[in-house]
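Below: one structure, written as structure tokens.
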There are 2 protein chains.
Amino acid sequence: MLRLTKKADYGLMALKYLAEHPDSVSVSAKDIADTYGIPPQLLAKVLQRLTKVGLLRSHAGMNGGYELSRGAQTISAFEVIHAIDGPLFITSCTKGSKSCDLEPSCTIKEPLARVNDSIAGVLKSISIHDMADFDVSAGHGMESQPLVMLTRA
Amino acid sequence: MLRLTKKADYGLMALKYLAEHPDSVSVSAKDIADTYGIPPQLLAKVLQRLTKVGLLRSHAGMNGGYELSRGAQTISAFEVIHAIDGPLFITSCTKGSKSCDLEPSCTIKEPLARVNDSIAGVLKSISIHDMADFDVSAGHGMESQPLVMLTRA
DNA sequence: TGAACTGCGACAAAAATAGTCCTATACTGG
DNA sequence: CCAGTATAGGACTATTTTTGTCGCAGTTCA
């Protein structure tokens, strides 16, 4: 429940990989798929999408592949997830279009929309750089400290 | 993406409804289903589950139905969602059991686990009471203020 | 030219969700 | 104590979403 799709996972993994290998000029989808044991063609599609959205730059032909189009610090998890899985809506019925087809229906999404925004905020505050090795190597006592603090308004 | 299941939606709607009708001793699944245009049998199952978990008290027979087993302020959205959709995991591969089957695999869930915790925190901070009419009738300038404030650690 | 890539569209397979059906059991009111 | 209205819950089907595959076209490079 409330799960990221595997595609989004793959996308995040791939970007993280790219962030950790800035030396390599460009890395092929196959390279990444192999290192993680992911279906290559599926990852390829994910990367193609990320390219289309502008998060990656691609290079066809031999020794081709992908590279980050921006610094890892400037790419948020939100952008990646949004690009792959589409708009982030916690409620089935999006408030924008048509709302809930039926009747007075979900009076529930008004309040949940704010939860949604909060989640989006969390995701936006985390960059690919944050997810890369650094946190593993650096912080250790960090485990007890949440990445974000939640305080009631 | 990152969507609640309809069952969870239904559950939240039903609890909200119950919170808004404290007068009624007990409300039947059908009553709620009718007012929202939800499949009655499906809602019934959801309510049965919520009863099993202890969030509701049920009463069979004529004029039977359900009622909140506790105050609406003390029931969080998280509890409801957890009861219906099961444990909240943003990553496909839960870190607990077996992790990602393959290789070095998702080095990604470590960082995402913290996002997960943050989201759970948001959900836990919102009660059924918070979701009920009150926010609609009461606050108006509230729209611009997020329900929770996010601050980086 | 041919091998190693990306870029797509169309499928096919699998899994999760949503919803239905049917039967049993419990309580209420007359 | 009987009929009607509810909950309880198992089994099953339908639908939708997600996941993964295939095939082919365009690119680049040696």
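Chain identifiers are assigned alphabetically (A, B, ...) following the order of the sequence lines, protein sequences preceding nucleic acid strands; residue numbering begins at 1 within each chain.
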(message) Test of understanding: with side-chain contact (heavy atoms from CB on, under 4.5 Å), list the residues that count as partners of B:P22, not counting sequence neighbours.
(response) none
(request) For A:R3 and D:dT18, give me the distance from atom CZ to atom C1', rounded to whole Å. (result) 12 Å
Below 3.5 Å, can you tabulate the donor-acceptor pairs from side chains in residues 52-68 of chain B to any protein atom, sequence neighbours excluded?
none

(message) Measure CG/A:D85 against P/D:dT18 and give the value in whole Å, please.
(response) 7 Å
(request) Please state how far atom CG in B:L56 lies from atom C1' in D:dA8, giving the value in whole angstrom units. (result) 14 Å
(request) Find the distance A:L4:CG to C:dA16:P and express it as a whole number of Å. (result) 16 Å
(request) Please state how far atom NZ in B:K6 lies from atom C1' in D:dA14, giving the value in whole angstrom units. (result) 13 Å
(request) Please list all pairs passing the salt bridge (charged side-chain N to carboxylate O under 4.0 Å, His left out) test where one or both residues lie in residues 22-31 of chain A, with sequence neighbours left out. (result) A:K30-A:D34
(request) Applying side chain to side chain contact (heavy atoms under 4.5 Å, CB included) between B:V80 and each of B:L15, B:D85, B:L4, B:L123, report the one that passes. (result) B:L15
(request) Remember a base hit wins even if backbone is also touched, and classify A:A29 as base, sugar-phosphate or nothing at under 4.0 Å, heavy atoms. (result) sugar-phosphate
(request) Identify, with sequence neighbours excluded, every residue that meets side-chain contact (heavy atoms from CB on, under 4.5 Å) alongside A:K7. (result) A:T5, A:L42, A:V46, A:I84
(request) Let me know the distance between CG of B:D9 and P of C:dA18, rounded to the nearest Å. (result) 9 Å
(request) Determine which pairs satisfy side-chain hydrogen bond (donor to acceptor under 3.5 Å, both in side chains) with at least one residue from residues 72-84 of chain A, sequence neighbours left out, and list them in order. (result) A:R70-A:E79
(message) According to salt bridge (charged side-chain N to carboxylate O under 4.0 Å, His left out), who are the partners of B:R49, at least two apart in sequence or on a separate chain?
(response) none
(message) Does anything in residues 59-69 of chain B come within less than 4.0 Å of DNA chain D? Heavy atoms only, and list the residues if so.
(response) B:H59, B:A60, B:G61, B:M62, B:G65, B:Y66
(request) Taking side-chain contact (heavy atoms from CB on, under 4.5 Å) as the test, write out the residues that go with B:S24, two or more places apart. (result) B:H21, B:V27
(message) Need the bend value for the helix from C:dT1-D:dA30 to C:dG30-D:dC1: angle between end axes, 5 pairs each end, nearest 10°.
(response) 10°
(message) On DNA chain C, does the nearest nucleotide to B:L42 precede the nearest nucleotide to A:K30 from the 5' side, or the other way round? Give the residue.
(response) A:K30
(request) Identify the heavy atoms of B:S125 and B:D130 that sit nearest to each other, and give their distance. (result) O-OD2, 3.6 Å
(request) Look at the side-chain N and O atoms of A:Y10 and state whether any lies under 4.0 Å from the OP1 or OP2 oxygen of D:dG20. (result) yes
(request) Could you grab the distance from atom CZ of B:R3 to atom CG of A:N116, nearest 0.5 Å is fine? (result) 10.0 Å
(request) Write down the distance between CG (B:L43) and C1' (C:dC21), rounded to a whole number of angstrom. (result) 17 Å
(request) For A:K124, check salt bridge (charged side-chain N to carboxylate O under 4.0 Å, His left out) against everything at least two apart and list the hits. (result) none
(message) Under 4.0 Å from OP1 or OP2 of D:dA8: is there any side-chain N or O of B:S58 that close?
(response) yes
(request) Provide the closest heavy-atom pair for A:P39 versus A:A33 in the form atom of the first, atom of the second, distance. (result) C-CB, 4.4 Å
(message) For a quick check, with a 4.0 angstrom heavy-atom cut-off, what is the B/S/- contact string for nucleotides 8-15 of chain C, read 5' to 3'?
(response) BBB-----
(request) Mind calculating the distance between CG (A:L47) and P (C:dT6) to the nearest angstrom? (result) 8 Å
